[in-house]
Visitor: 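Quick one: this structure, given as structure tokens, is what I'll be asking you about.
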Amino acid sequence: MVIKMAGMGQLMITDTILSFMWVWAGVIIRIIMQSFPYNDHVSEFFKSCLSLLNMFLFAYLVKLTNGGAYNPIPVFTNAINGDFLTFLFNIARIPFQVFGSIMGVRLVLEIFPEIWRGPELIINLNQGALTEGLLTFTQVLIAQGLDRNIRSGFFRKTWINSVLKLALHILGSDLTGGCMNPAAVVGWAYALGVHKTKEHIVVYWFAPIEATLLAVWTFRLLVRRPKPEKQKTN
């Protein structure tokens, strides 16, 4: 029991560090792109390549840390799919991810005060919630399919998942920011003092969480678990 509790504590610390690093990774990509000499299509292609490399790096870090996370969505997915104790433990990890993101954003704004102000909601509240919800629903649904059908093969699984996330992010970038990561968003919102607003809570927390629940239930309905084969008796 003591060993298990130690493992849980270690995972929470890992979540904090990875969430801190995720914020900084996004900022570093922005700094690189600001000094990029080309514009338009070449610039977007180069940015996409950097984003894919970034997602591969963090996928490897998640594997290396035996399940560390920087995004509450996959953690919440695991919570729903597990037993009651698994649910409680995974829910308890989310505040550590939020804390890591807040600390990351605070340090970013101390060093680069004009670099960025986080994702911005361009459309209205209902449209924003629907957008983030649909993006998260698609991501969770396909991620569960990958987990079920590609149990091994880190590169292939990570490649499909990374391209999917990038495509969904591009689709929502001009509407809500295409975040699909409540912890990362709240870091910027907290720094700007808008973390308690209705828009932030509904669009970047309630909508993704409800979409995750719906995606898990939909996957359970569409994909039935294979029944164990009966042993043949001679």
Side-chain angles (χ1 to χ4, degrees), residues 12-62 64-65 68-75 93-122 128 131-132 135-136 139 158 161-195 197 199-200 203-205 208:
M12 290 174 174
I13 294 173
T14 302
D15 287 356
T16 305
I17 296 171
L18 286 180
S19 299
F20 180 93
M21 291 173 61
W22 178 257
V23 169
W24 268 93
V27 170
I28 290 171
I29 291 175
R30 286 186 171 273
I31 293 173
I32 293 173
M33 293 309 302
Q34 285 181 354
S35 59
F36 194 71
Y38 302 100
N39 296 319
D40 301 329
H41 299 298
V42 178
S43 176
E44 287 299 322
F45 176 77
F46 185 66
K47 183 179 179 181
S48 298
C49 291
L50 288 177
S51 297
L52 288 173
L53 287 173
N54 184 50
M55 284 186 275
F56 262 89
L57 171 63
F58 275 85
Y60 177 73
L61 291 175
V62 168
L64 190 66
T65 56
Y70 54 90
N71 188 341
I73 297 302
V75 172
R93 294 172 61 184
I94 296 177
F96 289 87
Q97 297 171 351
V98 170
F99 177 74
S101 296
I102 291 174
M103 291 298 101
V105 172
R106 279 190 171 184
L107 185 59
V108 166
L109 295 179
E110 284 288 332
I111 302 175
F112 307 106
E114 302 299 328
I115 187 66
W116 194 41
R117 291 296 173 180
E120 184 180 358
L121 180 63
I122 305 299
T131 300
E132 280 294 313
L135 295 176
T136 305
Q139 176 192 344
T158 304
N161 207 15
S162 298
V163 171
L164 167 69
K165 288 180 181 179
L166 179 61
L168 292 174
H169 170 71
I170 292 173
L171 286 173
S173 58
D174 292 334
L175 303 175
T176 62
C179 305
M180 300 169 287
N181 186 340
V185 180
V186 79
W188 295 98
Y190 186 86
L192 299 175
V194 296
H195 58 290
T197 61
E199 288 78 9
H200 172 73
V203 174
Y204 298 107
W205 279 98

Visitor: Please tell me if the side chains of Trp116 and Ile31 come closer than 4.5 Å, counting only heavy atoms from C-beta onward.
Guide: no
Visitor: With sequence neighbours left out, which residue pairs that include part of residues 166-175 fulfil the salt bridge (charged side-chain N to carboxylate O under 4.0 Å, His left out) condition?
Guide: none
Visitor: Specify the closest pair of heavy atoms between Met55 and Ser162, including all atoms of both residues, with the distance to one decimal.
Guide: CE-O, 3.3 Å
Visitor: Ignoring hydrogens and geometry, is there a side-chain-to-backbone donor-acceptor pair from Tyr204 to Thr176 under 3.5 Å?
Guide: yes
Visitor: Side chains of Thr131 and Leu135: closer than 4.5 Å at any heavy-atom pair?
Guide: yes
Visitor: His169 side chain to Cys179 main-chain N or O, any donor-acceptor pair under 3.5 Å?
Guide: no
Visitor: Above 12 or not: heavy atoms from other molecules or residues under 6.0 Å from CZ of Phe96?
Guide: no
Visitor: Ala69 and Ser19: which non-hydrogen atoms are nearest, and at how many Å?
Guide: O-OG, 4.0 Å
Visitor: Between Trp205 and Val186, is there a side-chain heavy-atom distance shorter than 4.5 Å?
Guide: yes
Visitor: Does the side chain of Glu44 reach to within under 4.5 Å of the side chain of Ile170, using non-hydrogen atoms?
Guide: no
Visitor: How long is the span from the CZ atom in Phe45 to the CG atom in Leu50, to the nearest 0.5 Å?
Guide: 10.5 Å
Visitor: Could I get the full list of side-chain contact (heavy atoms from CB on, under 4.5 Å) partners for Glu199, not counting sequence neighbours?
Guide: Leu121, Leu125, Thr197
Visitor: Compare all side-chain heavy atoms of Val194 with those of His200 and state whether any distance is below 4.5 angstrom.
Guide: no
Visitor: Counting only heavy atoms not in Glu110, do more than 12 sit closer than 6.0 Å to its CD atom?
Guide: no
Visitor: Please find the pair of heavy atoms, one from Ser48 and one from Leu166, that lie closest to each other, and give the distance.
Guide: CB-CD2, 3.8 Å
Visitor: Rounded to the nearest 0.5 Å, how far apart are OG1 of Thr65 and OH of Tyr60?
Guide: 10.5 Å
Visitor: How long is the straight-line distance from OH of Tyr190 back to CZ of Phe99, given to the nearest 0.5 Å?
Guide: 10.0 Å
Visitor: Side chains of Val185 and Met180: closer than 4.5 Å at any heavy-atom pair?
Guide: no
Visitor: For Val23, which of Leu107, Ile28, Val105, Asn181 qualifies under side-chain contact (heavy atoms from CB on, under 4.5 Å)?
Guide: Val105
Visitor: Taking atom CG of Leu53 and atom CG of Leu57, what is their separation to the nearest 0.5 Å?
Guide: 9.0 Å
Visitor: Measuring from Thr136:OG1 to Ile73:CD1, what's the distance to the nearest 0.5 Å?
Guide: 5.0 Å
Visitor: For the residue pair Gln34 and Ile115, establish whether any side-chain heavy-atom pair is separated by less than 4.5 Å.
Guide: yes
Visitor: Got a second to check how far Phe58's CZ is from Thr158's OG1, nearest 0.5 Å?
Guide: 14.0 Å
Visitor: Would you check if Asn71 and Pro182 make a side-chain contact, meaning some heavy-atom pair closer than 4.5 Å?
Guide: yes
Visitor: Relative to each other, are the rings of Trp22 and Tyr70 parallel, tilted or perpendicular (30° and 60° limits)?
Guide: parallel
